[in-house]
Each structure stands twice: as structure tokens, then as C-alpha cells.
Amino acid sequence: MEGLNTIHLFDCDITGNMQDLSQNDTTWTIIVYQSMSGDAEVGNSDMQIVGGTLTSENGGLIYTTNTECNILMSDVDITYSDDSEFFLQCTGNTNERGWGKEGANGSQCTFTADEQEMEGDVIWDSISDLDFYMTNGSSLKGAFVDDETYAGDGGDGYCNVYISKDSTWTVTGDSTITNLYNAGTIADEQGKTVTIKGTDGTVYVQGDSSYTVTVDSYGTSVDLSGAAETDSWSAHEVAKPEEL
């Protein structure tokens with residue numbers, strides 16, 4: 001999906017099997033981006049996948065770069081590829097296709113999980129802005145990774161994570177988040193409490209897990225007003241025209 005466009009999919013079965021190509025920085029199943037080729041107007045992309053299935057047969061799941069976007073997934077049955085490198089990658093790029101100016105081509109992404117089970121790492125960088133919402137009993141099994149590979153000299157970007165009281169993050173590795181707002185459950189795969197500490201050394205949560213989440217700030221009050229609202233097919237369906 002590219003540029004100033006909107007797509008909402010309801011109860012669809014989606015399969016991707018992208019080749020590993022040397023001209024790309026990564027391999028994905030879904031991409032939300034701006035190519036700068038002139039065939040799509042620059043602007044905010046709006047993607048929702050509601051119900052149905054999503055099967056990845058190669059590479060990571062969702063990649064967004066050089067654009068602004070809102071992505072929502074709600075109750076999608078996901079099958080991941082054996083070599084999946086990420087659930088979501090929100091970064092700049094240096095690929096040969098010329099997607100924006102290197103070092104300044106990150107993504108400004110709002111991602112909303114609504115009653116959604118997720119597995120895999122969330123990768124972000126300092127030239128991107130990521131607001132990651134987990135709502136309505138969503139779960140993530142993975143880590144949040146700040147990877148500056150495609151960020152050039154870096155920037156003032158962020159990764160903010162919002163976890164509702166009925167949602168769960170199962171931590172699978174040391175993680176870096178800018179601002180973490182958690183009213184739900186954060187633990188490792190053994191159910192051990194994960195340490196949450198500030199970049200200034202403040203220990204917000206002292207855990208017994210081997211994993212640590214490093215944050216600029218931490219709070220237990222969660223404002224979900226920035227999360228996307230899940231659309232419904234009934235808001236769009238029309239009666240099938242009678243055959244002539």
C-alpha cells in the first residue's frame with residue numbers, strides 16, 4: 001500500500017510469499033510506504049485488516065518506511081514464516097529503489113491491535129515515530145528493538161507503547177521503548193516479572209526475569225484515545241444489484 005490511500009479488508013484470506021531481493025533492506029509480507037515514483041500522492045495511508053487470515057510464507061510480516069500511516073489489525077488469524085524477522089518494522093531505508101532521502105525517510109506510524117494475537121519483534125529507529133496500541137485483550141510475544149541501521153545520523157523519533165488493562169506483552173528479549181504506558185500484564189515466557197528501568201537509572205519495576213525493558217518514562221495510566229477504531233463491513237455493504 002502506497003501513499004495517500006485507504007484499504008479496509010474484512011474476513012479476507014491473504015497470503016504473501018515475497019522473494020529475498022538484494023536491492024531491498026528487508027523482506028516483508030505487507031508493506032506500507034511511499035516510493036517517490038510519482039504514481040501515488042504523498043499522504044497518510046490507512047490500512048485495516050479485520051478478521052480473516054494472513055499467511056506469510058517468507059520474511060517478516062509488516063514493514064512501513066518513508067510514509068505516514070495508520071495500521072489496524074483486529075482478530076486476524078496469522079501464520080508466520082519460518083524465517084520471520086519481525087512482526088512490525090517501522091524504520092528508514094537505504095535500498096536501491098530510492099524511497100526518500102536516506103537518513104530522513106522513516107515512518108510515522110500509529111499501529112493498533114484490537115483483540116489481536118501477535119508474535120515477533122517490533123523494530124523501530126530514531127528517524128521514525130511509532131505509537132503502538134494494544135487494546136481489547138490483545139497480546140504480543142516479542143521484543144521492541146531500536147535498530148539504527150537505516151537511520152543515518154539519527155533523529156528525534158520515538159516508540160511509545162500503550163497496553164490496555166486486558167492486554168498482555170510476553171517479553172522475549174531486552175527491549176527499548178521511549179514511553180511505556182502499561183495497565184496490563186508484562187512478563188517473560190516463564191511468567192517472571194520483567195524489570196522496567198529508566199534511561200536515567202530509575203527502576204520502575206524490579207523483576208526476576210533475565211530481560212529488561214529500558215524506557216525514557218513509565219506509567220500505569222493508559223490513554224487509548226489515539227488508537228484507531230475498528231471499522232465494520234456493515235458500515236459499507238450494499239445490496240447486490242438485481243441481475244438484468
Side-chain angles (χ1 to χ4, degrees), residues 25-33 45 47-49 54 56 59-74 76 78 80-81 83-93 106-151 155 157-164 167-182 184-189 194 196 199 209 211-218 222 224 226-228:
D25 297 325
T26 188
T27 302
W28 58 83
T29 303
I30 292 175
I31 185 171
V32 183
Y33 75 123
S45 302
M47 173 181 285
Q48 291 199 9
I49 305 176
L54 173 58
S56 172
L61 197 69
I62 304 172
Y63 176 43
T64 177
T65 187
N66 196 44
T67 195
E68 300 175 8
C69 60
N70 290 290
I71 303 172
L72 176 142
M73 298 186 72
S74 177
V76 182
I78 303 173
Y80 302 89
S81 68
D83 64 345
S84 180
E85 298 176 348
F86 53 84
F87 173 80
L88 171 68
Q89 180 169 328
C90 176
T91 65
N93 70 85
S107 179
Q108 288 73 54
C109 175
T110 298
F111 180 90
T112 302
D114 173 27
E115 198 178 349
Q116 182 62 53
E117 294 183 1
M118 301 168 284
E119 292 186 16
D121 291 345
V122 176
I123 302 172
W124 64 282
D125 65 17
S126 64
I127 60 170
S128 300
D129 296 341
L130 174 60
D131 289 290
F132 192 96
Y133 290 90
M134 296 173 58
T135 69
N136 294 329
S138 293
S139 63
L140 171 67
K141 181 180 178 181
F144 285 83
V145 181
D146 179 3
D147 184 343
E148 297 295 297
T149 301
Y150 310 115
Y158 62 82
C159 173
N160 294 339
V161 178
Y162 308 78
I163 304 174
S164 68
S167 295
T168 302
W169 173 21
T170 301
V171 182
T172 60
D174 290 336
S175 296
T176 302
I177 292 170
T178 309
N179 300 303
L180 174 58
Y181 306 97
N182 172 45
T185 301
I186 298 177
D188 68 13
E189 293 180 89
V194 175
I196 302 173
T199 52
S209 169
Y211 299 133
T212 297
V213 178
T214 302
V215 300
D216 286 354
S217 71
Y218 174 76
V222 182
L224 299 175

Donor on one side chain, acceptor on other, T112 and D114, under 3.5 Å: no
Nearest heavy-atom contact between D174 and A143 is O-CB, 4.2 Å
Could you measure the distance from the CG atom of L61 to the CE atom of M73? Nearest 0.5 Å is fine. 6.0 Å
Please name all residues satisfying ring pair (Phe, Tyr, Trp, His ring centres under 6.0 Å) with Y33, sequence neighbours left out, ordered by chain then number. W99
Pick one: which of F87, F86, Y63 meets ring pair (Phe, Tyr, Trp, His ring centres under 6.0 Å) with W28? Y63
Hey, is the main chain of D131 close enough, under 3.5 Å, to the side chain of T110 for a donor-acceptor pair? no
Side chains of S126 and E148: do they bring a donor and an acceptor to under 3.5 Å? yes
Test item: T29 side-chain N/O and G60 main-chain N/O as donor-acceptor pair under 3.5 Å: yes
Quick one: are T172 and D121 in side-chain contact, heavy atoms under 4.5 Å? yes
Hey, is the main chain of A113 close enough, under 3.5 Å, to the side chain of S138 for a donor-acceptor pair? yes
If you compare all heavy atoms of D147 against all heavy atoms of I123, which two are closest, and at what distance to 0.1 Å? CB-CG2, 3.7 Å
Taking every non-hydrogen atom, the tightest pair across G173 and V171: O-CG1, 3.2 Å
If the condition is ring pair (Phe, Tyr, Trp, His ring centres under 6.0 Å), which residues does Y133 pass it with, not counting sequence neighbours? Y162
Of the non-hydrogen atoms in G92 and S128, which two are nearest, and what is the gap between them? N-OG, 3.9 Å
Regarding S217 and N179, do their side chains bring together a donor and an acceptor under 3.5 Å, going by distance alone? yes
Can S209 and D188 be counted as having a side-chain donor-acceptor contact under 3.5 angstrom? yes
